[in-house]
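Just so you know, these numbers come straight off a predicted model, no measurement behind them.
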Amino acid sequence: MKEKLAEIGNYKNFNTQLAILDRMADPGNLTVSLNGFEGCSSTLSKSGTELELVIDGVFAPSEPEKGVKAEVDGKSVILYSRDLLYPYNTRLLSGVRAVHRYEVNRMQTADFGNAPDIYRCYFPSNVKQLNTFIFLFETLHYQTDRTLYGYDCIRISAQGIPYDILQVKHDGRGYYVFENLDPVSLESFKDTCFAIQQAVGFLTGYMPGGEEYIFRGTDFSYTSKVRQAMKSIYNPINTNAYSKLYDHHEAAEKYHGKLTKIPASVASRLIDLLCSNGDFSATVILMMEAASVRSLLLIPSAFSVIIESLSRIIAVPQSGSHVPISDKLLAKEIISGLQGYLDSYSHVLSTPDLLTLKRRLGGINRPVVLQKLTNNEKLTQPFGQLGIALSLADITAIEHRNDLLHGDILLSDGKELADEQVNAYMMYVSGKLYTLISKLILKYAGYDGYVINYAKFSDEEFAATEDFYDLI
């Protein structure tokens with residue numbers, strides 16, 4: 001006999017709901033009794049994620065926009081189908097026995113409502129997309145009646161309401177599960193679930209989606225197609241340096257014990273930002289979509305747009321003017337040092353060119369009018385405000401926005417380059433831009449720690465002087 005687990009205060013019971021999910025995953029030809037059309041022979045069947053209602057008989061619902069009431073497995077349900085709204089075959093065959101086929105887009109139990117309550121949302125996912133929390137998040141233990149789980153639950157706060165985000169395995173199937181721990185309305189719960197989907201997608205590289213089941217106890221609502229699941233080629237953090245640097249053992253040793261997980265407070269802040277700011281939410285979705293298509297032609301252009309969008313969202317408007325080096329003596333010393341450095345190249349620079357460069361140096365500490373920043377200054381502004389250091393390579397990657405805007409899709413500057421050179425540089429720029437985006441988003445959400453530098457992983461030749469991880 002199995003010994004009972006010690007109580008830890010975070011007990012979960014998925015049994016009844018998982019039984020319903022099992023039934024919905026493979027209903028076979030499930031007999032359905034349609035209210036008002038009991039004389040029809042009706043079944044529900046499923047192929048992939050498509051749930052189909054087949055009706056053999058005389059069928060003509062009077063209010064198809066309100067769905068069709070039915071009895072399924074002893075439960076009163078309402079079936080919704082967009083096909084019912086355009087019933088050309090029903091009009092043509094009114095009063096005539098026929099076989100009707102409808103794709104069911106949504107199904108819910110009759111008692112499922114919008115009242116404030118405890119809800120639980122399931123997204124079916126491939127089990128290969130699970131087990132990803134351990135090296136990313138500060139996790140929380142939870143237990144069922146049979147097992148204690150240590151790395152599959154995150155507790156966050158969204159709009160002041162505690163939520164648990166879980167990865168659940170059951171009979172070879174995987175699920176992402178979101179549940180609120182204090183009562184909220186169904187509408188609020190769904191809005192928060194969408195923000196959680198995006199946050200999980202950005203942080204883990206996999207955004208759950210597709211079929212969605214929302215439960216309130218044993219009552220539920222099923223939707224066949226919410227926003228599709230997306231798998232990114234990037235995610236910003238992994239504290240297991242050896243998994244990322246499996247062929248760079250010495251580098252992995254350098255980072256061992258230094259890499260930081262995402263605190264619950266940062267995940268909570270990110271979810272709140274996604275809930276409250278539609279532009280920020282759209283930007284994160286665009287990033288996931290761009291990184292999921294794996295196109296070297298698309299990613300740099302999309303990521304440049306994303307940095308511009310984030311700069312508008314994150315940067316705090318400022319007025320007045322600002323002198324980069326406020327100490328006049330220090331400014332003189334720096335300019336003098338730079339001019340002396342130029343003089344060391346007088347043997348290769350002509351006298352007129354040297355004078356031109358020195359004149360430009362003389363003006364490098366001119367006041368910046370904060371209301372009249374150039375486009376490139378606007379793109380880098382949020383980095384400065386958040387305290388994120390930028391290298392010359394970072395600034396070059398950001399300023400490629402102008403090249404892409406003017407049609408230089410291959411970033412070749414009009415030069416004839418071999419395909420290998422173009423691909424290598426495009427991969428490098430893609431990795432560099434993603435790293436910059438992840439720094440902005442994570443710092444905006446309050447994160448302090450290491451971020452994966454994908455420029456280094458993408459092409460070590462272009463990133464020869466860079467590190468595999470950057471500290472923000």
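- Ser430 pairs by the side chain to side chain donor-acceptor pair (under 3.5 Å) definition with nothing, not counting sequence neighbours.
- Listed by chain and number, the residues in a ring pair (Phe, Tyr, Trp, His ring centres under 6.0 Å) with Tyr206 are Tyr176 (sequence neighbours excluded).
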For Val68 and Ile55, what are the C-alpha separation, side-chain angles and deciding distance, and is it a side-chain contact (heavy atoms from CB on, under 4.5 Å)? CA-CA 12 Å; Val68 178; Ile55 304 168; over 6 Å; no

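- Identified under the side chain to side chain donor-acceptor pair (under 3.5 Å) test for residues 32-45, with sequence neighbours left out: none.
- With sequence neighbours excluded, no residue forms a ring pair (Phe, Tyr, Trp, His ring centres under 6.0 Å) with Phe194.
- Residues satisfying the salt bridge (Lys or Arg N to Asp or Glu O under 4.0 Å) test with Glu103, not counting sequence neighbours, are Lys225.
- In this view, Phe303 satisfies the ring pair (Phe, Tyr, Trp, His ring centres under 6.0 Å) rule with no residue, not counting sequence neighbours.
- Scanning for ring pair (Phe, Tyr, Trp, His ring centres under 6.0 Å) contacts around Tyr151 gives an empty result, with sequence neighbours left out.
- Residue Ile165 holds its CD1 atom at 12.0 Å from OG1 of Thr139, rounded to the nearest 0.5 Å.
- Residues that satisfy the salt bridge (Lys or Arg N to Asp or Glu O under 4.0 Å) test with Glu289, not counting sequence neighbours, are Arg227.
- In this structure, the salt bridge (Lys or Arg N to Asp or Glu O under 4.0 Å) partners of Asp467, at least two apart in sequence or on a different chain, are Lys254.
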side-chain contact (heavy atoms from CB on, under 4.5 Å) assessment of Tyr149 paired with Leu166: CA-CA 10 Å; Tyr149 297 89; Leu166 304 106; over 6 Å; no

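- Take Glu63 and apply the side chain to side chain donor-acceptor pair (under 3.5 Å) test, not counting sequence neighbours, and it matches Lys66.
- Checked against salt bridge (Lys or Arg N to Asp or Glu O under 4.0 Å), Asp22 has the following partners two or more places apart in sequence or in another chain: Arg173.
- Remark: Asp164 engages Lys12, Arg155 in a side chain to side chain donor-acceptor pair (under 3.5 Å) (not counting sequence neighbours).
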